[in-house]
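Sequential numbering from 1 along the given sequence is applied to the chain's residues. Just so it is clear, the structure is predicted and the values come from calculations on it, not from any experiment. Atoms considered below: every heavy atom in the structure, side chains included; atoms not considered: hydrogens, waters and symmetry mates. Just follow the structure's listing: the first ligand is 1, and inside any ligand the first atom is 1.
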Amino acid sequence: MTETLKCISPIDGRVYAERALMPLEEARAAAARARAAQPAWAARPLAERVDIVRRAVALVGEANDEIVPELAWQMGRPVRYGGEFGGFNERASYMADIAEEALADIRIEDSDTAGRYIRRVPHGVVLVVAPWNYPYMTAINTVAPALIAGNAVMLKHASQTPLVGERIICALRDAGVPDDVAQNIFVSHDTTSALIEAGAFDFVNFTGSVGGGRAIARAAAASFTGLGLELGGKDPGYVMEDADLDAAADGLMDGAMFNSGQCCCGIERIYVAESVYDAFVEKCVAIVSKAKLGNPLEPETTMGPMAQVRFADLVRAQTAEAIAAGAKPLIDPALFPNDCGAYLMPQILIDVDHSMRVMREESFGPVVGIMPVKDDDEAVAMMNDSEYGLTASLWTKDAERAARVGDRIETGTVFMNRCDYLDPALCWTGCKNTGRGAGLSILGYHALTRPKSYHLKKV
Ligand code: NAP
């Protein structure tokens, strides 16, 4: 019997999309076709591959009016935010812009006696496993540079957002990528692992949970398949005593609550200099109290449902446990009478500490804990007291102090006076349980190619 994947809409629990899962043998054959087609794709001029990817990106943009409500149905983000085309286009375009320089040979010697250089060659077949929370942007981070670098790409998108994989691959094919070079596959976890174990792919980029990352890493160990892992986070903010408090409260509350807190680099805990703690907290409560929780298809809604009821229930449990242990919730539930099921009200907790799960484990939801700290040393110790390291957001007018504090934080990215943003020119990376590898930037191309050395002695 064919197994099916069901996308349950967080809006009302209906089955919004259903797709047949590919049996293992079919998936194996698809990967073999990708392998066979890849060398001809890699042999095309780089400029041609760049143009095709740019065209595909534009095609996704042309479909944006259809995509925006479709995204709301699949994962709950309010339509008022207009989808992801801005970031999708920014990232793909930047990677297209730098391709020639990033993929150029590294020339060591070009003399009468020898030519020595390092060339970047594509891995072959790249599997991209993408999450639902920013389904277009997280996928394109790897899909665009992988194809531009000459790889074939197989995209396994999240079951919550199956239409996204179809749309991206369809646009690539319409733009001129051969069918076998870009494929969307609906496969189970077991099939994914079996393919990786058998060496069906030459590189896997996985974006998702720590548990998923572990399963993929175990499978990859069997075939020495190269891996990029972009996993969870518990990103901190630190508001110093000289910060612009209005900007800090605006920025950090947006970072904590946007997309119902379902951002890999969302702000999940905030440390504030004692002297400005009360004023900062008051501003945050005023901002968050204005959120409009509701149907994401309605234009006034600023906060939609979480993608699944179980995600909302996890945040409810973390919050309730913290309150039972002495935390104080500051957002009045009476403002959010529709809190139910996947629809979760935002919450700010004070009187929290690191014994509470809500300050240690990823919440991936609209809750944030705020603690006072006496100085930079205490702030650094608190920020580093985490199994994760994706981003840290520092708020101050003193860039040198931010850089000094940033040097001491175990993190992938240091932000000053901003948060929750991927700059495609900078490397997207993490440490500790947040993962391994490098996405976007020139280093993203290095991850999606392997170095090959040439030493040509002239006689
Ligand atoms: P998830 O359950 O791990 O799913 C993410 C993707 O991985 C989906 O396509 C999922 O497929 C697939 N997957 C999970 N386990 C798998 C396995 N054993 N074999 C094959 N595929 C597997 O993660 P999520 O909870 O949906 O997504 C949120 C998580 O992603 C959070 O932890 C967040 O921090 C992280 N994230 C990190 C970044 C970053 O840049 N560091 C960016 C975005 C999200 P199915 O949907 O079919 O299960």
Numbered atoms and elements of ligand 1 in range of [X], under 4.0 angstrom, heavy atoms:
| X | result |
| --- | --- |
| Glu230 | 37 (C), 38 (C), 39 (C), 40 (O), 41 (N) |
| Asn133 | 43 (C), 44 (C) |
| His157 | 9 (O) |
| Ala158 | 8 (C), 9 (O), 46 (O) |
| Ala215 | 18 (N) |
| Gly212 | 15 (N) |

Pairwise distance CG(Leu394) to CZ(Phe415) - rounded to 0.5 angstrom
10.5 Å
Which value, rounded to the nearest 0.5 Å, describes the distance between Phe364 atom CZ and Gln262 atom CD?
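It is 6.5 Å, given to the nearest 0.5 Å.
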Applying side chain to side chain contact (heavy atoms under 4.5 Å, CB included) between Val368 and each of Arg269, Met257, Met359, report the one that passes.
Met257
May I ask you to check whether [X] has an N/O atom sitting below 3.5 Å from an N/O atom of ligand 1?
| X | answer |
| --- | --- |
| Thr434 | no |
| Ser188 | no |
| Pro131 | no |
| Trp428 | yes |
| Thr192 | no |

Thinking salt bridges, do [X] and [Y] make one under a 4.0 Å N-O criterion?
| X | Y | result |
| --- | --- | --- |
| Arg218 | Glu197 | no |
| Glu298 | Lys292 | no |
| Arg173 | Asp179 | yes |
| Arg316 | Asp339 | yes |
| Asp376 | Arg404 | no |

So which heavy atom in the protein is nearest [atom], and how far is it from that ligand atom?
| atom | answer |
| --- | --- |
| atom 48 (O) of ligand 1 | His189 NE2, 2.7 Å |
| atom 38 (C) of ligand 1 | Cys264 CB, 3.0 Å |
| atom 34 (O) of ligand 1 | Glu362 OE2, 2.6 Å |
| atom 23 (O) of ligand 1 | Ser209 N, 3.3 Å |
| atom 7 (O) of ligand 1 | Phe206 CE1, 3.2 Å |
| atom 35 (C) of ligand 1 | Gly208 O, 3.2 Å |
| atom 26 (O) of ligand 1 | Trp132 NE1, 2.4 Å |
| atom 28 (C) of ligand 1 | Phe364 CE2, 3.5 Å |

Checking contacts now, so for atom 4 (O) of ligand 1, which I'm interested in, is there any protein heavy atom under 4.0 Å?
no
If the plane angle is over 60° it's perpendicular, under 30° parallel, otherwise tilted; pick one for Phe258 and Tyr81.
perpendicular
Using the ring of each side chain (for Trp, its six-membered ring), is Phe88 parallel, tilted or perpendicular to Tyr136, with breaks at 30° and 60°?
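Phe88 vs Tyr136 ring planes: perpendicular.
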Measure the distances from the heavy atoms of Ala130 to every atom of ligand 1 and state whether one is below 4.0 angstrom.
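Yes, Ala130 has heavy atoms under 4.0 Å from ligand 1.
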Measuring from the heavy atoms of Tyr134, does anything fall under 4.0 Å of ligand 1?
no
With distance as the sole criterion, is a donor-acceptor pair present between the side chains of Ser363 and Lys234 under 3.5 Å?
yes
Does Leu330 reach the side chain of Leu349, with side-chain heavy atoms less than 4.5 Å apart?
no
I would like to know whether Glu387 and Arg360 meet salt bridge (charged side-chain N to carboxylate O under 4.0 Å, His left out); could you show each step before the answer?
CA-CA 8 Å; Glu387 66 183 76; Arg360 279 199 329 273; over 6 Å; no
